[in-house]
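Below is one structure, written out as structure tokens; comments come after it.
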Amino acid sequence: MQNRISSFPPIINADSKILILGSIPGVKSLEKQQYYGHPQNKFWKIIFELFNEEFTEGYTEKINVLKKHHIALWDVIDSCERKGSLDSEIKNEEANQIPELLQEYPNIQAIFCNGGKSYKNLQKMLGKDSIIPFYLLPSTSPLHTISFEKKLEEWKRILEFV
């Protein structure tokens, strides 16, 4: 029997305009109890670069940068069984309550999915007639091997909404 893992609570407030959704935290993130805690994951580097913020390792400061730029963060999966950190290993998943979150926070204007798994799950959840537009961005995971520059270029789409 594999261990069941759970995602973190959403980082969101009434000022959030953009929701970024991952799939579910990897092993390193779960160990650290931090979103995108793997040192090779480029998520935080991309966020800081997009908003011309000086990079910091401090998790509280990272969260403050998200809030300052009206960005919310969550995962599409609430819990699942998974060996290792690969999305392809996810089994018996339970979804997070994304539609309810969007009702509770009506200021969300766009959703960006960090990788294919979150995008596919969100598509199933919201359907093609979603009132809120959602977009697929390249995964910031070190396993997604396109260059940092290419990832950053694609992630610039977020700037259209802030």
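Worth knowing before you read on, the calculation uses all heavy atoms, side chains too, and leaves out hydrogens, waters and symmetry mates. We number each residue from 1, following the sequence as shown.
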Problem - Heavy-atom side-chain contact between Phe148 and Ile46 under 4.5 Å - result: yes

Practice task
Using modelled atom types only, decide if a donor and an acceptor are shared between the side chain of Ser7 and the backbone of Ile24 within a distance under 3.5 Å.
Solution key: no

Completion exercise
Heavy-atom nearest pair, Gly22 first then Ser118, reads O-CB, 3.3 Å

Problem - Point-to-point distance, once rounded to the nearest 0.5 Å, from OG of Ser141 to CZ of Phe43 - result: 13.5 Å

Practice task
Check whether any side-chain heavy atom of Pro142 lies under 4.5 Å from a side-chain heavy atom of Asn41, and answer yes or no.
Solution key: yes

Exercise for the section: On the 0 to 90° scale, with breaks at 30° and 60°, tag the Phe51-His69 ring pair as parallel, tilted or perpendicular. Expected result: parallel

Problem - Candidate pair Asp75 and Tyr35, rule side chain to side chain contact (heavy atoms under 4.5 Å, CB included), full reasoning - result: CA-CA 9 Å; Asp75 289 311; Tyr35 279 101; 3.5 Å; yes

Practice task
Without swapping roles, check the side chain of Lys32 against the backbone of Gly37 for a donor-acceptor pair under 3.5 Å.
Solution key: yes

Exercise for the section: Quick one: closest heavy-atom pair of Leu30 and Arg82, and the distance? Expected result: CD1-NH2, 4.1 Å

Problem - Beyond-backbone contact of Ile20 with Ile47, side-chain heavy atoms, under 4.5 angstrom - result: yes

Handout entry: Arg4 side chain reached by Glu94 side chain, heavy atoms, under 4.5 Å
Key = yes

Exercise for the section: State plainly whether one hydrophobic cluster holds both Trp44 and Leu159, where clusters connect Ile, Leu, Val, Met, Phe, Trp and Tyr through side-chain heavy atoms under 4.5 angstrom apart. Expected result: yes

Practice task
Check step by step if salt bridge (charged side-chain N to carboxylate O under 4.0 Å, His left out) holds for Lys156 and Glu153.
Solution key: CA-CA 5 Å; Lys156 285 181 180 173; Glu153 198 54 43; 3.4 Å; yes

Handout entry: Side-chain donor/acceptor of Trp74 to backbone N/O of Phe8, under 3.5 Å
Key = yes

Practice task
Report the C-alpha separation of Leu101 and Ile108 in whole Å, then their side-chain angles, then the decisive distance to 0.1 Å, and conclude whether the side chain to side chain contact (heavy atoms under 4.5 Å, CB included) test is met.
Solution key: CA-CA 10 Å; Leu101 185 83; Ile108 298 289; over 6 Å; no

Practice task
Apply the test side chain to side chain contact (heavy atoms under 4.5 Å, CB included) to residues Glu57 and Tyr59: give CA-CA distance (whole Å), side-chain angles for both, the deciding distance (0.1 Å), then the verdict.
Solution key: CA-CA 6 Å; Glu57 287 296 335; Tyr59 191 61; over 6 Å; no

Handout entry: pair Trp155-Pro138: side-chain heavy atoms closer than 4.5 Å
Key = yes

Exercise for the section: Show your reasoning for whether salt bridge (charged side-chain N to carboxylate O under 4.0 Å, His left out) applies to Lys151 and Glu154. Expected result: CA-CA 5 Å; Lys151 288 181 185 183; Glu154 298 265 342; over 6 Å; no

Exercise for the section: Assess whether side chain to side chain contact (heavy atoms under 4.5 Å, CB included) is satisfied between Leu137 and Ile158, documenting all intermediate values. Expected result: CA-CA 10 Å; Leu137 293 175; Ile158 287 175; 4.1 Å; yes

Practice task
Please say whether more than 12 non-hydrogen atoms of neighbouring residues, nucleotides or ligands are located less than 6.0 Å from CD in Gln33.
Solution key: yes

Practice task
Look at the side chain of Lys117 and the backbone N and O of Ile90, then say whether any donor-acceptor pair between them is shorter than 3.5 Å.
Solution key: no

